[in-house]
Participant: 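Got a structure here, written out as structure tokens. Questions coming.
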Amino acid sequence: MNKFLLILSVAALAMVGVAKADPVDLSAYADQNGFIDVQKLTCGQLANTYQEDANALASWYSGWYNGLAHKHYMDYKKGREAEHLVIEYCKAHPEEKIIHAIGLVIKDMRAEGMMQEK
């Protein structure tokens, strides 16, 4: 799970490069109270945000998953590999939820023995 956190964070940061339209402020996806349902964000939405917003969201995802897993380690190299895989997946599936894309990448990496727990 700890590698997942790094991968999630790095993937969110890199997703901005997938964008094709003018970026929008992440707050455009907030409800009337200013909350963003991060489980509903799509690859395409994240790709169309500003880098600073993607960074903030990546930090949130990382903290969320680290808290769930009670982990405090990260594997930078594996995170970079997963980042590439998430970006490629999201380019082909902009309608997919970010959470789903990251989950698929992690599952595949674990199945291929590319991820280990510390």
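What you see is a predicted model, and the numbers here were worked out from it, not measured in a lab. Residue numbers count from 1 along this sequence.
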Participant: With sequence neighbours left out, what residues match H100 under side chain to side chain contact (heavy atoms under 4.5 Å, CB included)?
Facilitator: Y89, E96, K97, L104
Participant: Nearest 0.5 angstrom please: C90 SG to I98 CD1, how far?
Facilitator: 4.5 Å
Participant: How far does NZ of K40 sit from OG1 of T42, to the nearest 0.5 angstrom?
Facilitator: 12.5 Å
Participant: With sequence neighbours excluded, what pairs up with D108 under the side-chain hydrogen bond (donor to acceptor under 3.5 Å, both in side chains) test?
Facilitator: none
Participant: For residues 28-35, which side-chain donor-acceptor pairs fall under 3.5 Å, sequence neighbours excluded?
Facilitator:
{"residue": "D31", "atom": "OD1", "partner": "N33", "partner atom": "N", "Å": "2.8"}
{"residue": "D31", "atom": "OD1", "partner": "G34", "partner atom": "N", "Å": "3.0"}
{"residue": "D31", "atom": "OD1", "partner": "F35", "partner atom": "N", "Å": "2.9"}

Participant: Quick one: do V105 and M109 satisfy side chain to side chain contact (heavy atoms under 4.5 Å, CB included)? Show the steps, please.
Facilitator: CA-CA 6 Å; V105 167; M109 289 181 78; 3.9 Å; yes
Participant: So how far is it from L41 CG to T49 OG1, rounded to the nearest 0.5 Å?
Facilitator: 8.5 Å
Participant: From I99 CD1 over to C43 SG, what is the distance, rounded to the nearest 0.5 angstrom?
Facilitator: 10.5 Å
Participant: Roughly how far, to the nearest 0.5 Å, is CG of D25 from OH of Y50?
Facilitator: 7.0 Å
